[in-house]
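Read the numbers this way: they start at 1 and go in the same order the structure lists the ligands and their atoms.
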Amino acid sequence: TPPESIRNFCIIAHIDHGKSTLADRMLQITGVVADRDMRAQYLDRMDIERERGITIKSQAVRMPWAGEAGTVALNMIDTPGHVDFTYEVSRSLAACEGAILLVDAAQGIEAQTLANLYLALENDLTIIPVLNKIDLPAADPDKFAAELANLIGGSPDDVLRVSGKTGQGVEALLDRIVAEIPAPKGDAKAPARAMIFDSVYDAYRGVVTYVRMIDGHLHPRERIQMMSTRATHELLEIGVSSPEPKPSTGLGVGEVGYLITGVKDVRQSKVGDTVTTARTPATQALPGYTDPKPMVYSGLYPIDGSDYPDLREALDKLKLSDAALVYEPETSVALGFGFRCGFLGLLHLEIVSERLSREFGLDLITTAPSVIYEVTTDAGAQITVTNPSEYPDGKIASVTEPMVKAAILLPKDYVGTVMELCQTRRGTLLGMEYLSEERVELRYNIPLGEIVFDFFDQLKSKTQGYASLDYEPSGDQASDLVKVDILLQGDKVDAFSSIVHRDKAYAYGVLMTERLKKLIPRQQFEVPIQAAIGARIIARESIRAMRKDVLAKCYGGDISRKRKLLEKQKEGKKRMKMVGRVEVPQDAFIAALSGD
Ligand code: GDP
Ligand code: MG
């Protein structure tokens, strides 16, 4: 297909504004998915993966559109299921010339609408503003068209109105894409250069690499070269997803498709790398993506210690398609063998642990998320701490913690409550703006460490779900932080150590000791639970010793009850971890770490 007849676009939206549903209608209207094969959220790969039990990622879909301007190949590059992954979104954006900015006509602009819009503008994309869900009785398209026009410039009349549900307006949208989004440009005669924007491991086909061709042409059966490593591979298959993989005779300028080389390790097909041919390699690689940097660390431990090798294998597999995931082995006195994992944020953490449990059947304990602290000791040593239990015990000269610039969008009635919340989280107000008469944007500089601890849940509950949040790193800042340890019978439970602001240390100590008192069953002896900063105890509870004989209570006759009790105890034993002499149920770790 000549570049003039290609349009590459993506859909950007706040979560739940209808991206997947609109994509469904486009697949149907362009005929690439027959009505009888249609099912909701066709491209939602998490669904597909669950259904078929293998990894297939439909990252880019090619749809022929015979519209007003003749037949054009539309490549819809799907930003993965979870749009909150800013780095994934920006990868997809770099492969497009235009973006549909989709906004729920009953909700208006939300935090991720803005965040994604800014990313699209940074990538110089042509933006098509679209209001979705106009079939809803609560839709107020006039109001939100004005809001959108206000945001991106232009007239409210330029804002398209569609319903992904009924299909209304979708054909007009496809025509608009052809008319407004520029055709891709590139040098067809130059050596091949293709940008890798995603790379997935598939159990049957090996690594599937998704590329956007910039210059030249790639053919099946030729040798390709990865420009960063100079490694060469035989190209076994090249094709396009439509939306099922369809082998083709090659990819030219502006086209989007996939490559299969039979390689088994995705690290050899790195996202952001440039693919060229081995015979006539290009000299200059395309500008890559900056490697995403983990922001939040957490320990992942198998509940059943014998699952450790499976966890390692599962992480290796996830890493294949998730460049942002980092991990290294770690041992915990309390939890045994596990991995310290780095994530881009809380959602990333949640999704990785959900995938580990759903796709790999692993039962895991996730320790409390921690950010990265830079500690300078009195002796002048510089230590990077991603695990609170590694926080140096000696004298500390200074500590810095990462800060974020947070944008919170909310109805004006909640401004007071939310400001209060941000204040208790050590936030500094940077600004406040009215997006419309009712909607306000609050901007805060706030420690990331305060956000990773249930901030979002608090924000949602304090605003009846009406607030949305987005944030980006804004550098490090020195703070008065201390490590609080939790001790059971004098033994430190490493998984419960936490780095908190000095003013909050006491409250954290009280919370954790009270929580553990409720969660840990009585033992044969009294168990003191303490919270400490260094050698100083700041909070204390104790679990009284168990009554001598629990079974004595069910005297005589009721054998079955007795047996049940014994069986229950045996069952319970299996899920106990020893901390010193104290038996702690796995559930207690999970509950104590989950927060509320
Ligand atoms: P995404 O998170 O942006 O992919 O949003 P989804 O496509 O999953 O849609 C979120 C919810 O909104 C789902 O319950 C959809 O059925 C619903 N929805 C999406 N588009 C429309 C629409 O045009 N009209 C109505 N009434 N509901 C819609
Ligand atoms: Mg979706």
Taking only distance into account, with no hydrogens and no angle test, what donor-acceptor pairs under 3.5 Å do side-chain atoms of residues 408-425 form with protein atoms, sequence neighbours excluded?
| from | atom 1 | to | atom 2 | distance (Å) |
| --- | --- | --- | --- | --- |
| Tyr414 | OH | Gln464 | OE1 | 2.8 |
| Thr417 | OG1 | Tyr414 | O | 3.4 |
| Thr424 | OG1 | Leu421 | O | 2.8 |
| Arg425 | NH1 | Glu450 | O | 2.7 |
| Arg425 | NH1 | Phe453 | O | 3.0 |
| Arg425 | NH2 | Asp454 | OD1 | 2.8 |

Margin query: Could you check whether atom NZ of Lys246 has more than 12 heavy atoms from other residues, nucleotides or ligands sitting under 6.0 Å from it?
Written below: no
- [ ] Give a yes or no on whether a salt bridge exists between Asp310 and Lys317, defined as a side-chain N under 4.0 angstrom from a carboxylate O.
- [x] no
*Lys185/Glu97 ion pair, N-O < 4.0 Å*: no
Counting heavy atoms under 4.0 Å, the part of Ala13 that contacts ligand 1 is neither
Taking only non-hydrogen atoms of Gly164 and a 4.0 Å limit, the atoms of ligand 1 in range are 23 (O)
Item checked: Distance-only side-chain donor-acceptor flag, Tyr258 / Asp198, under 3.5 Å -> no
Restricting to heavy atoms, the pick from Ala105, Gly18, Ala139 nearest atom 5 (O) of ligand 1 would be Gly18
Glu180 with Arg7: basic N within carboxylate O range, under 4.0 Å: no
Short version for Leu22: what comes under 4.0 Å of ligand 1, heavy atoms counted, is neither
If we number the atoms of ligand 1 from 1 as shown, the ones under 4.0 Å from a heavy atom of Leu136 are 26 (N)
A student checking ligand 1 against Lys19 at a 4.0 Å heavy-atom cut-off should list atoms 1 (P), 3 (O), 4 (O), 5 (O), 7 (O)
Of His14, His17, Lys165, the one whose closest heavy atom lies nearest atom 22 (C) of ligand 1 is Lys165
Going by the 4.0 angstrom heavy-atom rule, the piece of Thr21 near ligand 1 is both
